[in-house]
Amino acid sequence: MYTVSSHRKFGMAFMLSAALLAPARLVHAQGDSPRLSRTEAQERALAHSGELARRSTASVEARRLQRAPYPHLPDVTFGIEGTPAPWSSGEYRRRVSLEQQIDLRGERRGRRRVGSATSALAEREFGERAQEIAAAVDEVFSRHLVARRKVAFLDPLRERARTLRAKAEEARRRESLAGFDARLLRAEALGLEADWVDARRELEVAASELRTWLALAQDSAIDLEDDLDERPWQCEADSAMTLVSHRRVAVARAAAAESLAMSRLALEQRLGRVNPTLGISASRDRGRLESPSGAIVDDATFVGLELRVPLPVFGVNPLGVAEARLELERVRAERAALEREVRQEVLATCAALRRVEEERALRREAAESAGRDLQLIESAYQDGRIPLDEYLTLRDRLVRQEIGLLDAQAAVEGERSRLVRATGVPRTELSRRLGGVR
């Protein structure tokens, strides 16, 4: 069996160490000229959302419901009556009347309250959906950045492993390298290739989703500002819940839905009452009186005022009131369930965030010594104290530590995106409040 010469061992070790140390410089180079920040991406997604445009139109239409008209228009009546032929006989009565139903039950005010509540609910629904879109863009933005870092880390390793594999195959054909060592280098190259393919697929999926949110062509280039926060967040449940009570639009939307249901119930109860009708009328009667001297035409004018009150005085609308009560109980139950779910989501996310940040700290501590450990195993390999298979095994562990740190960063960003969605607070503000960023 053939072995690798010390000169060849030194050359391979140098190339492998260069591959491991190069990615850190590459990651920083991509952040030198940012083009699209996280906030700009969210603003563009909101501006190009056709769904939000339609919801905005619905909100404008809902605001018109606040201008509720008077419940009933006045009734105007014209009439003429008399004998079967009043015009020819000259005896008839002409009458005109104006009647208006008096809104004593407050229907107009009740409909205005329903209109105001409907408008408020439409605005909350618009805000809730806008918040959901911003949170989705925040999540895919972080996924893109983490995947880009992983690709940048693995890309030079993959290229160098492929080069080493080709050189090892050439050396094996010249019988200057053992077949076992060549197979080890081949396995190493294939493993890094598989990791790179996975990272590249994650990056392409995130980029495709981001282009869809930003209304960009699928073949357009995306250059994002790398704003991943390395500081740990102090996510306390009480402080996070305080943010939710003021910023999560879904909670405000549930409250607006309950207010609308209450206004509709009050309106149905008002509609169960009766309204009197006030009317005024004017009539002119013409008659003929027979006298010895001949017929006398007699004209008389009458003015009237009337008040009509329907019976029963206290009417009811049991079906409408019962349906409104059921709707009110339903939205109250939904609001209670939503508040409970939001609280559970925030508490669970804070706990998960603390856990993954602790794991990231451990991963970072292990990865910080990777360069020093690499120098030690390189020295041992160059001095012939460890064989190639052991060297590659130890080197793979160092690479896995770097990949593990990137995976831990991805887990942290995922939980932070969940916290953004759960609280409704933008990431920049959460970073300032929980991470101590000034």
Side-chain touch Arg325/Glu329, heavy atoms, less than 4.5 angstrom: no
Point-to-point distance, once rounded to the nearest 0.5 Å, from OG1 of Thr39 to CD of Gln42: 5.5 Å
Sidechain-backbone polar pair: Glu139 side chain, Ala134 backbone, donor-acceptor under 3.5 Å: no
For the student: nearest non-hydrogen atoms of Val309 and Pro276, plus distance: CG2-CB, 4.0 Å
Residues that Glu413 engages under side chain to side chain contact (heavy atoms under 4.5 Å, CB included), provided they are two or more places apart: Ser142, Val146, Leu228, Gln409, Arg416, Arg427
Ser220 side-chain N/O to Leu216 backbone N/O, donor-acceptor pair under 3.5 Å: no
Residue pair Arg284 / Thr301, side-chain donor-acceptor N/O under 3.5 Å: yes
Listed partners of Asp227 passing side chain to side chain contact (heavy atoms under 4.5 Å, CB included), at least two apart: Arg38, Phe141, Leu145
Partner of Lys150 under salt bridge (Lys or Arg N to Asp or Glu O under 4.0 Å), chosen from Asp407, Asp195, Asp198: Asp407
Side chain proximity check, Val412 to Glu359, heavy atoms < 4.5 angstrom: no
Heavy-atom side-chain contact between Arg129 and Glu51 under 4.5 Å: yes
Derivation and outcome, side-chain contact (heavy atoms from CB on, under 4.5 Å), residues Leu419 and Leu434: CA-CA 11 Å; Leu419 189 62; Leu434 305 181; 3.7 Å; yes
Any Glu429 side-chain heavy atom under 4.5 Å of Arg247 side chain: yes
Short side-chain to backbone donor-acceptor contact, Arg105 and Asn275, under 3.5 Å: no
Distance, nearest 0.5 Å, that separates CZ of Arg273 from CG of Asp103: 10.5 Å
Chi angles and distances behind the side-chain contact (heavy atoms from CB on, under 4.5 Å) call for His144, Glu202: CA-CA 8 Å; His144 188 281; Glu202 294 175 5; over 6 Å; no
Residues which pass side-chain hydrogen bond (donor to acceptor under 3.5 Å, both in side chains) with Trp213, listed by chain and number, not counting sequence neighbours: none
Side-chain ion pair, Arg253 and Glu125, N-O less than 4.0 Å: no
Inter-residue atom distance Leu203.CG - Ser208.OG, 0.5 Å rounding: 11.0 Å
Contact check, side chains of Val425 and Val420, non-hydrogen atoms, under 4.5 Å: no
Inter-residue atom distance Glu306.CD - Thr277.OG1, 0.5 Å rounding: 9.0 Å
From Trp196 atom CH2 to Asp155 atom CG, the distance as rounded to the nearest 0.5 Å: 6.5 Å
Where at least one partner belongs to residues 108-119, residue pairs that pass salt bridge (charged side-chain N to carboxylate O under 4.0 Å, His left out), sequence neighbours excluded: Glu107-Arg111
Partner residues of Arg264 under the side-chain hydrogen bond (donor to acceptor under 3.5 Å, both in side chains) criterion, sequence neighbours left out: none
Partner set under side chain to side chain contact (heavy atoms under 4.5 Å, CB included) for Glu345, not counting sequence neighbours: Arg248, Thr349, Ala422
Over all atoms of both residues, closest heavy-atom pair of Ala257 and Val331: O-CG2, 4.1 Å
Under the salt bridge (charged side-chain N to carboxylate O under 4.0 Å, His left out) test, residues paired with Glu99 that sit two or more places apart: Arg308
Pairwise side-chain contact, Glu327 with Leu265, heavy-atom cut-off 4.5 Å (strictly under): no
Atom pair CD/CG of Glu40 and Leu224 - distance to nearest 0.5 Å: 10.5 Å
Arg418/Glu415 ion pair, N-O < 4.0 Å: yes
Chi angles and distances behind the salt bridge (charged side-chain N to carboxylate O under 4.0 Å, His left out) call for Arg354, Glu358: CA-CA 6 Å; Arg354 288 193 295 268; Glu358 291 174 357; over 6 Å; no
Glu204 vs Arg201, salt bridge (charged side-chain N to carboxylate O under 4.0 Å, His left out): CA-CA, chis, key distance, verdict: CA-CA 5 Å; Glu204 290 175 353; Arg201 182 172 61 250; over 6 Å; no
Pairs touching residues 186-223 that satisfy disulfide (SG to SG under 2.5 Å), sequence neighbours left out: none
Under the side-chain hydrogen bond (donor to acceptor under 3.5 Å, both in side chains) test, residues paired with Gln131 that sit two or more places apart: none
Results of salt bridge (charged side-chain N to carboxylate O under 4.0 Å, His left out) for Glu43 - residues two or more places apart only: none
Residue pair Ala250 / Glu128: nearest heavy atoms and the distance that separates them: CB-OE2, 3.4 Å
Pairs where residues 232-283 contributes a residue and the test disulfide (SG to SG under 2.5 Å) is met, not counting sequence neighbours: Cys235-Cys350
Trace of the side-chain contact (heavy atoms from CB on, under 4.5 Å) decision for Leu46 with Val137: CA-CA 10 Å; Leu46 295 176; Val137 173; over 6 Å; no
Arg397 atom CZ, neighbour heavy-atom count above 12 within 6.0 Å: no
From CA spacing to verdict: salt bridge (charged side-chain N to carboxylate O under 4.0 Å, His left out), Arg364, Glu230: CA-CA 11 Å; Arg364 181 181 290 114; Glu230 303 294 338; 2.9 Å; yes
Partner residues of Arg343 under the side-chain hydrogen bond (donor to acceptor under 3.5 Å, both in side chains) criterion, sequence neighbours left out: none
Non-hydrogen atoms of Ile133 and Ala45 that approach each other most closely: CG2-CB, 4.2 Å
Validation row: Leu398, Gln401 side chains within 4.5 angstrom (heavy atoms): yes
Verdict with supporting geometry, Leu210 and Val140, side-chain contact (heavy atoms from CB on, under 4.5 Å): CA-CA 6 Å; Leu210 195 57; Val140 71; 3.5 Å; yes
Least distance between heavy atoms, Val249 atom then Arg124 atom: CG1-O, 3.3 Å
Any side-chain donor near an acceptor of the partner, Ser119 and Gln66, under 3.5 Å: yes
Test item: Arg95 and Ile80 side chains (from C-beta on) under 4.5 Å apart, heavy atoms: no
Phe126 versus Ser59, closest heavy-atom pair with distance: CB-OG, 4.2 Å
Gln269 side-chain N/O to Val321 backbone N/O, donor-acceptor pair under 3.5 Å: no
